[in-house]
2 protein chains.
Amino acid sequence: MSNDFDERLAEELLESVFQASRTFRRWMREDISLSVPQFRVLSFVNRNRDCSVEDVASYLGVSKPTASKIVENMRLKNLLYRTENGEDRRKVSIGLTGKGLKVLEEARLKAVLELKNRLSKIDQQSKSLLSNSLKILAELTK
Amino acid sequence: MSNDFDERLAEELLESVFQASRTFRRWMREDISLSVPQFRVLSFVNRNRDCSVEDVASYLGVSKPTASKIVENMRLKNLLYRTENGEDRRKVSIGLTGKGLKVLEEARLKAVLELKNRLSKIDQQSKSLLSNSLKILAELTK
DNA sequence: ATCTAATCATTAGATTGTCTAACGATTTTG
DNA sequence: CAAAATCGTTAGACAATCTAATGATTAGAT
């Protein structure tokens, strides 16, 4: 009966992910002036030029109005631009500004630094274990 | 040179944890009327009777005013009670009300359900891999 | 070809979580 | 006992989040 095992694992998984997420957010806030959603939007738009607000909402896992506000907020800070989508005028096409790209690169550099430092102190076996488990986690939460 | 490996792992780790956190939050919001911090506070207070606001802040990884507001908000909803701490009158002693305990149990039941369902569909080896990696993750983010 | 239905985005309004700075009350310490 | 540290709250700001409603545009059905 693996039901009990699954239940315990599920609880531990929830708690571990929430804890890790909070810790990462704290690191980011200390180093960078980007919130987690803003950081994720920069990453996403960098990989997906001319995406729509809908695309961003879907990626973040939030409602459309929420994504709309985040995008508008970042546009006001000159991190993103928005243009009309030629093919479908209901949509907007979102892209990174030069500043947006620069901030993304800085953020990535700094955000990953603390984690890299800690990773450098654990053994290779643990790291590959972790790496493999991320695929499983992604599968569970997609 | 494991520097590149660490960097890639760090980025994947950030993204996986943020993604998983957001997905869990979405599941919780759909099923339960508790936010993630509220859920975590219920769990924590249940395990740590007569804890202080400081303890809650430390557990959540947030500032004291933030913890204070969350606790006050939950007190107004009759999920928690707060009494004077006899030994140190600067502190408050926080505890679960009957309603708080009931809500926690319901929440835990429902929050874990979706995850359990998904866990039941993956093989045992993946599950133990995941289980082991949570310890490493906790180590990295404590 | 037009009318209806679906899709995309925003506005409006509410709630929560989050921070820093400043303050009041209490305890600890020198 | 006086100064310093600790605990919690208040004040004020801002970002993220939701649902419901609206406007604009496109797609589909007849």
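Letters A, B, ... are given to chains in the order of the sequence lines, protein chains preceding strands, and every chain is numbered from 1. For clarity, every value in this text was computed on a predicted model and none was experimentally measured.
Atom CD of A:Glu84 and atom P of C:dA9 are 12 Å apart (whole Å). With rounding to whole Å, A:Arg29 atom CZ is found 13 Å from D:dA13 atom C1'. In this structure, the CE atom of A:Met28 is 15 Å from the C1' atom of C:dT18, given to the nearest Å. Counting to the nearest Å, the P atom of C:dT15 and the CG atom of B:Leu34 are 17 Å from each other. Atom CZ of A:Arg82 is separated from atom C1' of C:dA9 by 8 Å (rounded to the nearest Å). Here the P atom of nucleotide D:dA16 and the CZ atom of B:Phe18 are 13 Å apart, to the nearest Å. When rounded to the nearest whole Å, the span between CZ of A:Arg40 and C1' of D:dA16 equals 13 Å. Per the geometry, CZ belonging to B:Arg25 stands 12 Å off C1' belonging to D:dA15, to the nearest Å.
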Going through the distances and angles, do A:Ser63 and A:Thr66 end up as a side chain to side chain donor-acceptor pair (under 3.5 Å)?
-> CA-CA 5 Å; A:Ser63 68; A:Thr66 297; 3.0 Å; yes
Any chance you could lay out the side chain to side chain donor-acceptor pair (under 3.5 Å) test for B:Ser43 and B:Asn46, step after step, and finish with the verdict?
-> CA-CA 5 Å; B:Ser43 301; B:Asn46 189 45; over 6 Å; no
Test side chain to side chain donor-acceptor pair (under 3.5 Å) on A:Asn117 and A:Ser120 and set out the steps.
-> CA-CA 5 Å; A:Asn117 284 343; A:Ser120 72; 5.2 Å; no
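Between the side chain of A:Arg82 and the main chain of A:Val92, no donor-acceptor pair closer than 3.5 Å is present. Using a distance-only test at 3.5 Å, with no hydrogens or angles considered, a donor-acceptor pair links the side chain of A:Gln38 to the main chain of A:Ser35. Looking only at distances, a side-chain donor or acceptor of A:Thr23 sits under 3.5 Å from a matching main-chain atom of A:Gln19.
Only A:Val62, A:Ser63, A:Pro65, A:Thr66, A:Lys69, A:Ile70, A:Asn73, A:Lys77, listed by number, bring a heavy atom of residues 54-77 of chain A to less than 4.0 angstrom from any atom of DNA chain D.
Between A:Arg22 and C:dT18, a side-chain N or O to OP1/OP2 separation shorter than 4.0 Å is present. Note on B:Ser52: a side-chain N or O is less than 4.0 Å away from OP1 or OP2 of D:dG8.
Here the CG atom belonging to B:Leu137 is positioned 11.0 Å from the CG atom belonging to A:Leu129, to the nearest 0.5 angstrom.
Nucleotide D:dA16 is matched to C:dT15 when pairs are restricted to Watson-Crick or G-U wobble geometry with both distances under 3.5 angstrom.
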Polar atom pairs between nucleotides 23-30 of chain C and protein, under 3.5 Å, N or O only, would you list them?
unit_1, atom_1, unit_2, atom_2, d
C:dT27, OP1, B:Arg89, N, 3.1

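Residue contacts shown for B:Arg26 are absent, as no nucleic acid heavy atom lies under 4.0 Å away.
Looking at every heavy atom in both residues, B:Asp6 comes nearest to A:Lys127 through OD1-NZ, 3.0 Å.
The cationic group of B:Arg40 lies under 6.0 Å from the six-membered ring centre of B:Tyr59 and within 45° of the ring axis, placing it in a cation-pi geometry.
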